[in-house]
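Below is one structure, written out as structure tokens; the observations come after it.
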There are 2 protein chains.
Amino acid sequence: MAIRAADSIFETLIDEIMAGQMVPGEPLVEQTLAEQFGVSRTPVREALHRLEQACLAERGARRAFVVRRMAPEDLEELFEATGEIESTLAALAAKRMSEIKRRKLETVLDEGDACDDPAAYSEINSRFHEIIKSGARNSILASTLDELNLRTLAWRAANFREDSRRLASSRVEHRGITQAILSQDAASARRQMCSHVASSYIVLSDILARRSPDRGGPEF
Amino acid sequence: MAIRAADSIFETLIDEIMAGQMVPGEPLVEQTLAEQFGVSRTPVREALHRLEQACLAERGARRAFVVRRMAPEDLEELFEATGEIESTLAALAAKRMSEIKRRKLETVLDEGDACDDPAAYSEINSRFHEIIKSGARNSILASTLDELNLRTLAWRAANFREDSRRLASSRVEHRGITQAILSQDAASARRQMCSHVASSYIVLSDILARRSPDRGGPEF
DNA sequence: TAGCTTTCTATTGTATACATGTCACTGCAA
DNA sequence: TTGCAGTGACATGTATACAATAGAAAGCTA
């Protein structure tokens, strides 16, 4: 029982959703998954319930689980919530980030400036946000952000990859946030982080609108 | 299957924790609970896993579930997180609360001023916060706050009841928050809500410190 | 007696069978 | 053709038996 079947199934399903292999609306049937994973329904069942609690699965027809769909309003709320929480973390980080972490933040910022490869930049980008998250020293808010990001990333995976045009403006925004944190300006850090998250959302929803301009009420 | 056994057990356990009937550290054994509820282990098991995810239960000796204990640091983080989220909701409410809700908020404020009974005031107090929460129009942040409040209230239930001396100052703070929201001053609403939550935490931790002044690292 | 190993038991993890509910589909009647 | 009731299948909900693990306690050895 070193590693529980239910845990690994849960992780695997998340990974598959993240990789875009499981698209929203796709059915998640206990029996079928049990056969695929070579276990009984019991651990699968637990994994599905956890997915539901993480808002990555929902109930479809006949009470069956399906990969969660998101309406545009939901998405808007999700990005707003993500932005607000990460802004709060940025504000807290500005007040109490350690000297070591401040230096790390600067280092990562420079690495980002020197980087042109979108894939590598994406990794640097997540390190940037990771430092701020841990620098805020509030594990509850940090895990709340993680949960929201899970949902955000799942949605992105199902819809499209990051737009490379965002890279340049993202760099500028990172610089602004970093300066605010380093000068311990909590209000400015909050404001800039909020618009940073918001602008990435605007780009995404923009792409989406162009992809399906005629649909009345699209569900993702 | 209209109401699932797992659901009602989950709710019941939460209620018992909230009522202070189950104190932190108390064991939650599947078999025992199953007999008490007159069901099999299966739905109990699901309820316990959900409690764990809600941070109301944790693993004790022999992997057994126990009602979650909280160290002072955890508590501090919890109150900080609660304050930050509710502040965010207050700020959003200041920007976008409907006219109807604004009037409701004023009404509730007046009711609070006219009320001397602590029990009745407690009910008015929760209505006050409820209006702000819904006025922010972000269900994700709202449910996040709900989850955190669950943990906060569970801790309070296990430790002590609300201090009646808080009543007077709470009224003043509510007035300030209301004015900020009505005048659509998001920053002020955020600031005041943050200190409102913080001050209730200060009172509580103060009482606690007096109750056990000599313990090195108390766990609740 | 300290430290290690073994055993033993309480408790959870998993498998499987059966129960139950929901929805779709069919067939009949108006 | 439309509405509705009956029926059936599919998927989850629950019960129960068995497996596995992690501590604790006992015993063994140096």
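The chains referred to below are lettered A, B, ... by the order of the sequence lines, with proteins before strands, and numbering in each begins at 1.
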Show me, pair by pair, the donor-acceptor contacts under 3.5 angstrom made by side chains of residues 13-26 of chain A, not counting sequence neighbours?
residue : atom : partner : partner atom : Å
A:Glu26 : OE1  : A:Val23 : N            : 3.2

Protein N or O to nucleotides 6-10 of chain C N or O, pairs below 3.5 Å:
residue : atom : partner : partner atom : Å
C:dA10  : O4'  : B:Arg62 : NH1          : 2.5

Item to complete: Could you work out which one of D:dG13, D:dA11, C:dT11 sits closest to the side chain of B:Val29?
Response: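 Closest nucleotide to the B:Val29 side chain: C:dT11.
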Discussion item. Rounded to the nearest 0.5 Å, what separates atom CG in A:Leu153 from atom CG in A:Leu148?
Written reply: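 Going from the CG atom of A:Leu153 to the CG atom of A:Leu148 covers 10.5 Å.
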Discussion item. If I take atom CD from residue A:Gln53 and atom CD from residue B:Gln53, how far apart are they, to the nearest 0.5 angstrom?
Written reply: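 The distance works out to 4.0 Å.
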Fill in: Residues B:Glu80, A:Arg96: salt bridge by 4.0 Å N-O rule
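So B:Glu80 pairs with A:Arg96 through a salt bridge.
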Discussion item. Using a strict threshold of under 4.0 Å (side-chain N to carboxylate O), is an ion pair present between B:Arg103 and B:Glu106?
Written reply: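 B:Arg103 and B:Glu106: not salt-bridged.
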Discussion item. Show, in sequence, the C-alpha distance, side-chain angles and deciding distance for A:Tyr201 and A:Thr152, and conclude whether the side-chain hydrogen bond (donor to acceptor under 3.5 Å, both in side chains) test is met.
Written reply: CA-CA 10 Å; A:Tyr201 167 61; A:Thr152 308; over 6 Å; no
Discussion item. D:dA11, OP1 or OP2 - any side-chain N/O from A:Arg63 closer than 4.0 Å?
Written reply: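 False: A:Arg63 side-chain N/O out of range (4.0 Å or more) of D:dA11 OP1/OP2.
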Item to complete: Step by step, work out the ring pair (Phe, Tyr, Trp, His ring centres under 6.0 Å) result for A:His49 and B:His49.
Response: CA-CA 10 Å; A:His49 278 93; B:His49 278 92; over 10 Å; no
Item to complete: For A:Ala5 and for A:Ala61, locate the closest nucleotide of DNA chain C by heavy-atom distance; then report the residue assigned to the nucleotide nearer the 5' terminus.
Response: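 With A:Ala5 and A:Ala61 compared, the 5'-side residue is A:Ala5.
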Worksheet item: In terms of the nearest nucleotide of DNA chain C, which residue is placed more toward the 5' end: A:Gly60 or B:Gln31?
Response: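 Here B:Gln31 is the residue nearer the 5' end.
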Worksheet item: Any chance the side chains of A:Asn125 and A:His174 put a donor and an acceptor closer than 3.5 Å?
Response: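 Distance-only check passes for A:Asn125 and A:His174.
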Worksheet entry | By side chain to side chain contact (heavy atoms under 4.5 Å, CB included) - contacts of A:Glu123 (at least two apart) |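 For A:Glu123, the residues satisfying side chain to side chain contact (heavy atoms under 4.5 Å, CB included) (neighbours in sequence not counted) are A:Arg127.
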Worksheet entry | Between P of D:dA11 and CD of A:Glu52, the distance in whole Å |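 Going from CD in A:Glu52 over to P in D:dA11 covers 17 Å.
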Practice prompt. Enter the inter-axis angle for the ends of the helix from C:dT1-D:dA30 to C:dA30-D:dT1 (five pairs per end, rounded to 10°).
Written response: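 Taking the rotation axis at each end, their angle is 10°.
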Worksheet item: When you measure from every atom of DNA chain C, which of residues 38-49 of chain B have a heavy atom less than 4.0 Å away?
Response: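 Hits under 4.0 Å, by residue number: B:Arg41, B:Arg45, B:His49.
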Worksheet item: Got a sec, which residues hit salt bridge (Lys or Arg N to Asp or Glu O under 4.0 Å) with A:Glu173, two or more places apart in sequence or on another chain?
Response: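 Expected list: A:Arg166.
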Worksheet item: Does any non-hydrogen side-chain atom of A:Ile132 lie less than 4.5 Å from one of A:Met193?
Response: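 Heavy-atom side-chain distance check passes, below 4.5 Å.
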